[in-house]
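Below is one structure, written out as structure tokens; comments come after it.
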Amino acid sequence: MRRLATLLLPIMFSPPALCALITVADAGGKPLSAYVEADLLQGMSTSMKLSDMQESAKQDLAREMTSLSPEKIRDKALQNIFPVISYALKPMHLTVDFEKPNKAVLNPVAVIGTDSSSRRWLNMNHTTLANMNAEVLLVEAQTIDDLKNYRTAYPALKIRVQPADHVKEKYGVPGYPVLVTNQGIFQ
């Protein structure tokens with residue numbers, strides 16, 4: 001083994017070996033010049049080309065947005081945040097409530113997903129949540145339609161999307177669906 005290493009080391013680290021490029025795979029494709037005239041590409045730096053493309057995309061988006069209604073703009077913005085996937089929290093059933101005062105909670109907060117236990121829990125508790133003026137945080141949803149369905153079914157509730165990591169860190173929530181108050185975490 002020592003003899004093999006002695007033979008290969010000078011070959012592996014010789015200047016020609018260090019400079020040679022080896023093609024491991026070639027996926028094909030066409031050069032950019034096949035799509036854009038070469039004279040347009042020459043003389044432009046890569047960053048200049050990128051910034052020009054970004055500026056053009058911004059202008060296209062601005063033109064598109066000015067022709068849309070405020071509702072359509074809001075829907076387009078909301079579509080960009082889906083799917084909301086919860087890695088920090090999962091659906092669960094609390095066997096006991098966590099009665100531990102938490103001064104960080106100023107207003108009651110309900111934490112839900114789109115799973116069947118969350119839908120059932122919200123259906124049973126929506127009136128109480130509305131009376132408490134609780135904010136409902138949706139921490140798991142696949143599409144904007146999940147949010148719209150909740151808002152349509154429960155118009156008296158303030159429902160918004162919130163990343164689960166933030167909810168877990170701020171309130172110490174072990175899972176969902178739960179109600180977080182300044183008195184503890186309840187299901």
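Worth knowing before you read on, the calculation uses all heavy atoms, side chains too, and leaves out hydrogens, waters and symmetry mates.
Cluster annotation: Met132 is connected to Ile112 through the hydrophobic network of ILVMFWY side chains, with a link wherever side-chain heavy atoms come within less than 4.5 Å. Hydrophobic clustering, with ILVMFWY side chains joined whenever heavy atoms are under 4.5 angstrom apart, groups Ile144 together with Leu122. Under the 4.5 Å side-chain contact rule for hydrophobic residues, Leu138 and Trp121 share a cluster. Linking Ile, Leu, Val, Met, Phe, Trp and Tyr whenever their side-chain heavy atoms come within less than 4.5 Å puts Tyr171 and Leu89 in one cluster. Linking ILVMFWY side-chain heavy atoms closer than 4.5 Å, directly or via other members, places Val167 and Met92 in a single hydrophobic cluster.
Taking each heavy atom of Val173 and Lys168 in turn, the nearest pair found is O-CG, 3.6 Å. Contact record, Gly172 with Ile185: O-CD1, 3.5 Å, taken as the closest heavy-atom pair. Tyr154 approaches Arg119 most closely through the heavy-atom pair OH-O, 4.2 Å. For the pair Leu179 and Pro108, the tightest heavy-atom approach, listed with the atom from each and the gap, is CD1-CB, 4.1 Å. Across all non-hydrogen atoms, the minimal contact from Val105 to Thr181 is CG1-C, 3.6 Å. Residues Phe82 and Val161 share a closest heavy-atom pair of CZ-CG2, 3.8 Å.
Between Ile159 and Leu147, some side-chain heavy-atom pair lies under the 4.5 Å cut-off. Under the 4.5 Å side-chain criterion, counting only non-hydrogen atoms from C-beta, Val136 is not in contact with Lys158.
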Walk me through whether Ser118 and Asp115 qualify under side chain to side chain donor-acceptor pair (under 3.5 Å). CA-CA 5 Å; Ser118 289; Asp115 58 289; 2.7 Å; yes

Please step through side chain to side chain contact (heavy atoms under 4.5 Å, CB included) for the pair Thr114 and Gln142, ending with a clear verdict. CA-CA 8 Å; Thr114 55; Gln142 292 302 309; 5.5 Å; no

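Within the 3.5 Å criterion, the main-chain N or O of Gly113 finds a donor-acceptor partner in the side chain of Tyr150.
Applying the salt bridge (charged side-chain N to carboxylate O under 4.0 Å, His left out) rule to pairs touching residues 136-156 yields Asp75-Lys148, sequence neighbours excluded.
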Could you list the donor-acceptor pairs under 3.5 angstrom formed by side chains in residues 93-102, with sequence neighbours left out?
residue: Asp97; atom: OD1; partner: Gln187; partner atom: N; Å: 3.2
residue: Asn102; atom: OD1; partner: Ala104; partner atom: N; Å: 3.0

